[in-house]
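In what follows, a single structure is set out as structure tokens and then discussed.
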Amino acid sequence: MANKVTYSGSTYSKFRPSYSDEIYSLIYKFHEEHNNEYDTVIDVGTGTGQVAVELSKKFKQVYGIDALSEQIKNATPRENITYQVGPAEDLSQFENSSVDMITVGTAFHWFDHSQFFKEAKRVLKRETGTLAIFGYFYPVIKDEPKANELIKALHTGPFDKYSNQNIRFIRNMYRDIVFPFTEQVWYITPKTEDTTNISHAIQGSLMKASMSLEHFRHYMKTSSAYFNYIKENPDKEDPIDKLMNDILSTTDIKDLEQVVKLEWPTVLVLAKND
């Protein structure tokens, strides 16, 4: 079993999809119901700063924290963003009740949840601080059921033993985790993923995009499961290249330049500090 989470920062930054405007709109709407201040936000598990850059348009000061130095080294700079390497569970550089918001984009499943929650509740402003946690799992290609069967067969088959066991949390849209906040709101798309009817209604999708199959190929190679598989099986056929060839041979998609529509199973959890 592979336990380490490792990414190439430059590849991650280039090929990972962007979060939708809808996600940020829902976050800000929730925040403004309790707090009109946009002074300080911490983006934990910031990666190369994808979320931090978006937050920098709204907040006076953004702190982007990631445990991997490779990610921080490739982070996108902005004047009001301070990046630093560090664990999600140690926010000791921030004072009690001093932060307006904490965000976590597709990284929460890697954390020690109880310790992170303890720190988040400490540094968020009492009764007004917002915690916004969101993430996505492997996407599906719209109107391509055969391709989606192949994608599912990959992440539940060859990739499964090379995935950290914490992947189960995002696979189940974080429903296995108890959020210790009195006031919380959940959003999950597509509707088929909301198997416990926990999600508030939403029009459309939290995360979708159109991209060429070639871009999709590179995106699939940004996962830690792929990295671990290749590291341990350097002489075997590349599983993502095989996936693309299988998709081309079993669907009406003609070549890697054809644009496909993707949708990611996505969850957004919003909570107000007590």
Side-chain angles (χ1 to χ4, degrees), residues 5 9 13 19 23-135 166 169-170 174 177-187 267-274:
V5 184
S13 180
Y19 294 103
I23 288 177
Y24 294 107
S25 294
L26 290 169
I27 291 172
Y28 295 147
K29 180 177 181 293
F30 180 89
H31 184 65
E32 289 167 8
E33 290 173 354
H34 314 288
N35 183 347
N36 287 320
E37 295 180 345
Y38 285 90
D39 292 326
T40 306
V41 58
I42 310 171
D43 184 44
V44 185
T46 195
T48 56
Q50 185 181 82
V51 175
V53 168
E54 191 64 32
L55 295 171
S56 72
K57 303 173 185 177
K58 194 83 171 176
F59 284 84
K60 293 178 182 177
Q61 179 62 53
V62 181
Y63 293 92
I65 300 174
D66 200 278
L68 300 177
S69 59
E70 169 71 11
Q71 294 286 63
I72 295 299
K73 184 176 70 175
N74 286 278
T76 304
R78 291 290 185 273
E79 286 187 3
N80 60 335
I81 301 178
T82 300
Y83 291 110
Q84 58 193 70
V85 178
E89 301 81 6
D90 181 5
L91 303 177
S92 55
Q93 66 270 45
F94 301 99
E95 296 181 359
N96 295 352
S97 194
S98 62
V99 174
D100 295 297
M101 184 183 293
I102 295 175
T103 59
V104 184
T106 316
F108 182 58
H109 43 292
W110 305 123
F111 299 174
D112 178 324
H113 301 127
S114 61
Q115 189 60 36
F116 170 74
F117 281 138
K118 181 180 178 181
E119 278 290 80
K121 291 175 77 71
R122 181 185 66 79
V123 303
L124 282 171
K125 292 179 179 177
R126 295 292 302 276
E127 300 183 353
T128 63
T130 297
L131 177 65
I133 292 177
F134 44 103
N166 287 17
F169 292 122
I170 187 59
Y174 295 150
I177 301 167
V178 176
F179 285 71
F181 299 87
T182 303
E183 184 173 342
Q184 54 185 275
V185 177
W186 291 67
Y187 296 95
V267 58
L268 167 63
V269 187
L270 299 168
K272 179 178 75 70
N273 200 20
D274 298 322

Q. Does K272 make a cation-pi contact with F30, if we ask for NZ or CZ under 6.0 Å from the ring centre and within 45° of the axis?
A. no
Q) Is a salt bridge present between K125 and E37, judged by a nitrogen-to-oxygen distance below 4.0 Å? A) yes
Over all atoms of both residues, closest heavy-atom pair of [X] and [Y]:
| X | Y | value |
| --- | --- | --- |
| A88 | F116 | O-CD1, 3.5 Å |
| L270 | A132 | CD2-CB, 3.6 Å |
| T103 | M101 | CG2-SD, 3.7 Å |
| V99 | V41 | CG1-CA, 4.3 Å |
| Y174 | A107 | OH-N, 4.2 Å |
| I133 | F117 | CD1-CE2, 4.5 Å |

Euclidean distance, [Y] [atom2] relative to [X] [atom1], rounded to 0.5 Å:
| X | Y | atom1 | atom2 | answer |
| --- | --- | --- | --- | --- |
| K73 | Q71 | NZ | CD | 10.5 Å |
| T130 | Y28 | OG1 | OH | 11.0 Å |
| D43 | Y63 | CG | OH | 13.5 Å |
| I27 | E32 | CD1 | CD | 12.0 Å |
| E183 | E33 | CD | CD | 7.5 Å |
| E119 | F111 | CD | CZ | 12.5 Å |

Q: Quick one: do Y187 and I23 satisfy side chain to side chain contact (heavy atoms under 4.5 Å, CB included)? Show the steps, please.
A: CA-CA 9 Å; Y187 296 95; I23 288 177; over 6 Å; no
Backbone N/O of [Y] and side chain of [X]: donor-acceptor pair under 3.5 Å:
| X | Y | answer |
| --- | --- | --- |
| N273 | L124 | yes |
| N80 | S56 | yes |
| T48 | N74 | no |

Q. Going through the distances and angles, do Y38 and D100 end up as a side chain to side chain contact (heavy atoms under 4.5 Å, CB included)?
A. CA-CA 7 Å; Y38 285 90; D100 295 297; 6.0 Å; no
Q: Please check if the distance between the ring centroids of F179 and H113 is under 6.0 Å.
A: no
Q) Checking side chain to side chain contact (heavy atoms under 4.5 Å, CB included) for the pair T46/I72: CA distance, chi angles, key distance, verdict? A) CA-CA 8 Å; T46 195; I72 295 299; 3.8 Å; yes
Q) In this structure, which one of N166, I177, I170 forms a side-chain contact (heavy atoms from CB on, under 4.5 Å) with F108? A) I177
Q: With K118 as reference, evaluate R122, Q115, K121 under the side-chain contact (heavy atoms from CB on, under 4.5 Å) test and give the passing residue.
A: Q115
Q. So do L91 and I65 actually touch side chain to side chain, heavy atoms under 4.5 Å?
A. yes
Q: Kindly determine whether Y19 and E54 satisfy side chain to side chain contact (heavy atoms under 4.5 Å, CB included), including the steps that lead there.
A: CA-CA 9 Å; Y19 294 103; E54 191 64 32; over 6 Å; no
Q | Over 12 non-hydrogen atoms of neighbours within 6.0 angstrom of CD in E127 | A | no
